[in-house]
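Here's the structure, in structure tokens; my notes come after.
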Amino acid sequence: MGAVEHRAYARIGLLGNPSDGYYGRTIALAISNFWATVSLQPSDLLALVPHSHHDLCRFSSIQDLVGRVQSEGYYGGVRLLTAACKTFHSYCSSHGIDLHDGNFTLSYDTNIPRQAGLSGSSALVCATMNCLMDFYNVRDRIPVEDRPKIVLSAEVELGITAGLQDRVAQVYGGLVYMDFDEEHMLRTGNGIYKRMDPQLLPPLYVIYAQNPSDSGKVHSTVKQRWLDGDLTVRTKMREVAELALRGKQALLEGNHSLLAELMDRNFDLRREMFGDDALGALNIQMVETARSVGAACKFTGSGGAVVAFCPEGSVQAQKLQEACSASGLSIELVQVAAR
Ligand SMILES: Nc1ncnc2c1ncn2[C@@H]1O[C@H](COP(=O)(O)OP(=O)(O)O)[C@@H](O)[C@H]1O
Ligand SMILES: O=C(O)[C@H]1O[C@H](OP(=O)(O)O)[C@H](O)[C@@H](O)[C@@H]1O
Ligand SMILES: [Mg+2]
């Protein structure tokens, strides 16, 4: 096997997130607006190459170092590549899949806005897993439905709070409906994944801030409250999951006004559960900017980017673009990544 390269795309949680982490349901899509690339080259030793920018190893000055750590934190992508190798190896060991003795060098690049709720982290793991499946020639021994679980376990290994929906969208591509039914999850470790026709989607916009600096999600206690059986969180999270089920029907029927209503409800429920402090002022401002022109809007992931839909069409979309540029927010028309 020679050199290989794989790309994994950013994903948007369209409806139902974050209930994927709570035996819920979601609809998510992979988008070709942003992607991560991992390259594998056979080599004598096994090496993981730090990225010259993303791995925070080289700086123009001490001030530069401090500024970068303050805005991006201490970690880059190498730890994700390392964890991806480890969890890939452990999946293969526990499934009797032999790996040959060859070594390789992995390097990566990404243009997915960092820690923006667009699944930049799992894109790196997903692309690494694809390289490893080819290098070891074991793709046909790892069922597609198991792959998101391997990607997730790499992040769990690192203590990154994450659910399955990102990895499912990235492994399957396109638009996917996911049911994380508790009984099925406990039995198989997987959800039930159904591809949907991306043509069912109306034009969507992704809006993000260039320098998100909220650490809100770190302080959220929603998971613990849910585990403790807190009635409010349990009831609201169940409703979030229902939104995906209703949204699937709305998409199949072309009922876009209902889609808009469900997206808005999704954000409102997140806000009620997490509270404004945990969501962060900038994230709330992004949603409010979109809503100021009547667009429906919600988080793509846990914060940093939002997805907006203009039910009234192109004039409203134009107003949305203007409102975003007035607020210094970046906006792009969503392009669905083919599977
Ligand atoms: N663009 C990136 N470049 C390098 N590493 C990244 C990038 N985005 C995320 N990471 C790594 O993934 C970790 C978790 O990121 P996360 O908050 O899940 O972001 P996202 O919402 O993009 O998935 C980060 O601490 C960092 O180690
Ligand atoms: O909170 C969410 O909606 C999502 O948060 C994580 O995604 P991220 O892109 O890292 O913000 C998590 O991995 C997803 O499973 C959640 O749905
Ligand atoms: Mg992530």
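Order of listing sets the numbers, starting from 1, for every ligand and every atom in it. We use all heavy atoms of the structure for the numbers below, so side chains are in, but hydrogens, waters and symmetry mates are not. Everything numeric here is computed off the predicted structure, so don't read it as measured data.
Using a 4.5 Å heavy-atom cutoff, the side chains of T128 and L80 are not in contact.
Shown in contact with L118 at under 4.0 Å from a heavy atom are these atoms of ligand 2, numbered in order with element: 9 (O). For ligand 2, the atoms lying closer than 4.0 Å to a non-hydrogen atom of A162 are 12 (C), 13 (O). Distances below 4.0 Å separate heavy atoms of G117 from the following atoms of ligand 2: 8 (P), 9 (O), 11 (O).
Applying side chain to side chain donor-acceptor pair (under 3.5 Å) to N130 and the options R147, R139, Q170 leaves one that passes, R139.
Residue-to-ligand polar distances place D166 within reach of ligand 2: an N/O pair is separated by less than 3.5 Å. Looking at ligand 2, you won't find any N or O of T300 less than 3.5 Å from one of its N or O atoms. Residue G120 has at least one N or O atom closer than 3.5 Å to an N or O atom of ligand 1. Below 3.5 Å of separation, one finds an N or O of G117 facing an N or O of ligand 1. Residue P113 has no N or O atom closer than 3.5 Å to an N or O atom of ligand 1. Considering backbone and side-chain N/O atoms, S122 never comes within less than 3.5 Å of an N/O atom of ligand 1.
Distances from atom 2 (C) of ligand 1 to the heavy atoms of R79, Q115, R114, R11 show the closest one on R114. The residue from P50, G73, S121 that puts a heavy atom closest to atom 18 (O) of ligand 1 is S121.
The environment of CZ in R58 is sparse: at most 12 heavy-atom neighbours from other residues, nucleotides or ligands sit within 6.0 Å. Heavy atoms from other residues, nucleotides or ligands lying under 6.0 Å from CG of D197 number more than 12. In K223, the NZ atom is crowded: over 12 heavy atoms of neighbouring residues, nucleotides or ligands sit closer than 6.0 Å.
Only side-chain heavy atoms of R11 come within less than 4.0 Å of ligand 2; its backbone N, CA, C and O stay farther off. In R270, the part holding a heavy atom less than 4.0 Å from any atom of ligand 2 is the side chain.
For K298, the closest heavy-atom approach to ligand 2 does not fall below 4.0 Å. Distances shorter than 4.0 angstrom occur between a heavy atom of S119 and an atom of ligand 2.
Between D146 and K149 there is a salt bridge, with a side-chain nitrogen of the basic residue lying less than 4.0 Å from a carboxylate oxygen of the acidic one.
With 2.8 Å as the limit, S121 counts as an N, O or S neighbour of the Mg ion (ligand 3).
Across all their heavy atoms, A154 and A83 have their closest contact at O-CB, 3.5 Å.
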